Amino acid sequence: MNLDQNPELEAFRAEVAEFFDTAPTEAIREAGRRTTSAFAPFDETIAWQRILNDKGWAAPGWPVEYGGTGWSIEQRYVFSEEYARRDLPPLLPNGLKMIGPLIIDKGSEEQKKRYLPGILSGDDYWTQGYSEPGSGSDLASLRCAAVRDGDDYVINGSKIWTTLAHRANRMFMLVRTSTEGRKQAGISFLLLDRTDYPGMEIRPIVNLAGEEEQCEVFFENVRVPQSSRVGEENDGWAISKHLLTYERGANVTAPQMWRRVQRIREAAQAAPSPYGGSLADDPVFQRDLGELAADVASLEHVEKLALSGHPFTRDIAMPSMNKILGTELTQRLTVMMTRIAGVAALPRQLEAMEVGAAAEPLGSEFELTAMPWYLNSRATTIYAGTNEVQRDLIARTLGRH
Ligand SMILES: Cc1cc2nc3c(=O)[nH]c(=O)nc-3n(C[C@H](O)[C@H](O)[C@H](O)COP(=O)(O)OP(=O)(O)OC[C@H]3O[C@@H](n4cnc5c(N)ncnc54)[C@H](O)[C@@H]3O)c2cc1C
């Protein structure tokens, strides 16, 4: 990967910059600045996805025949840098980064035709129904059952922590289709066309920051056709493992992290130090931010190696390493944000957080978002497989070398 200045890459950067400076509405820009978790405000983010899709830029990493851009890895990186620089809302990941690539790799031709266009356009939003009460880290113990009945499966059981299920119109899920043999060998992977089937109930859960982001989902004799299945019956575990590698790895997050470092630096320049001058002049602050910046630089290096397909990054432990590095760094950045915002981060201002809110925030946008970001980031080391479990996976993988 070579990001040295060259005329073609610079022309590409200028084209992207021009589009990002003109295409998003003010509401989309505000949604980006108000993003305090991996899930940007829903309506504005979908509106932004539609604009990007009209331009052909919604899924740069997808193969061209399915709607990807065919860009070089350098172009994709430049795109991410310009995106982050403007605080644009990150597109919601479940469709474009998870189930879309999975359907491209493992779905039938019929499933590709049926589902990929809606994922690209933003018409369809997919929620991920894996975890259950009692089956999180030990996901293979899941019990939500699908029993054959004629051409259908009849589903009974429940899911939990299902992010944005209350906003989604489709769901991919794991169900138990057999209780014989190893628990991993009795799981199937289904694509649900709707989230309002008779017998399906979705209840939002209020999170630490006071927002409704995750849900519980209950199934009582919900009938779905057997053609909803991806792959063979009882082969869902292998399919879900394939999907998890997209969820945990192959992301470009360093440009966003650099933007956060920059926002922290700017906020520190505006914040008075108790010892005179601004907080940005404080040697302790400078040391702490320097340490964070050094770690962002390491992450950037690893992500660039991964994008280049370096052999080191093809190790099966790589997605786990990426997940740990990215999430722990996110948490440390948000700790820094709350340290700078200080008491101004304490008031809970849910109404002012809404895009287009009539309620004026009490302080700056940085102070408004610092605490929700801090609180939401507590969950990053839990979801997509906890970091403790990732460390365990890495240890076991290295043990095999
Ligand atoms: C914000 C958020 C969003 C989520 N979104 C979704 C979603 O959209 N769809 C979905 O299906 N799920 C989702 N989840 C669920 C998530 O995947 C699970 O919470 C996660 O896998 C952990 O499972 P658990 O909560 O049951 O914790 P447990 O598995 O009960 O773990 C409890 C503690 O024990 C530790 N532990 C467990 N097993 C081991 C082990 N073998 N070795 C070492 N330590 C261990 C864990 O690290 C953790 O600290 C989400 C969770 C959160 C918090």
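In each ligand, atom 1 is the first atom listed, and ligand 1 is the first ligand listed. As the structure is a prediction and not an experimental result, all values here were calculated from the model.
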Quick check: [X] and ligand 1, any N/O pair under 3.5 Å apart?
X    : result
Q214 : no
D138 : no
W161 : yes
S137 : yes

Atom 35 (C) of ligand 1 protein-contacted, heavy-atom criterion under 4.0 angstrom: no
Atom indices of ligand 1 within 4.0 angstrom of A379 heavy atoms, with elements: 1 (C), 53 (C)
Whether R34 and E365 form a salt bridge (side-chain N of Lys/Arg under 4.0 Å from carboxylate O of Asp/Glu) is what I want to check. yes
Residues R396 and D392 bridged, charged N to O under 4.0 Å: yes
Aromatic ring pairing [X]/[Y], orientation class (parallel under 30°, perpendicular over 60°, tilted between):
X    : Y    : answer
F172 : W126 : tilted
W48  : F19  : parallel
F79  : W71  : tilted

Looking only at non-hydrogen atoms, which of [options] approaches [atom] most closely?
atom                    : options                : value
atom 22 (C) of ligand 1 : N387, T386, N376       : T386
atom 40 (C) of ligand 1 : V389, T380, T163, L393 : V389
atom 10 (C) of ligand 1 : P93, A38, S131, A168   : S131
atom 47 (O) of ligand 1 : Q128, E388, Q390, R391 : E388

Can a donor-acceptor pair be found, under 3.5 Å and without considering hydrogens, that links the side chain of R86 to the backbone of E82? yes
Among non-hydrogen protein atoms, atom 19 (O) of ligand 1 lies closest to I382 CG2, 3.6 Å
Considering only protein heavy atoms, which is closest to atom 26 (O) of ligand 1, and at what distance to one decimal place? G136 CA, 3.3 Å
Contact between Y66 and I103 at the side-chain level, heavy atoms closer than 4.5 Å - yes or no? no
Pick from R33, R259, R260: which one makes a salt bridge (charged side-chain N to carboxylate O under 4.0 Å, His left out) with D87? R259
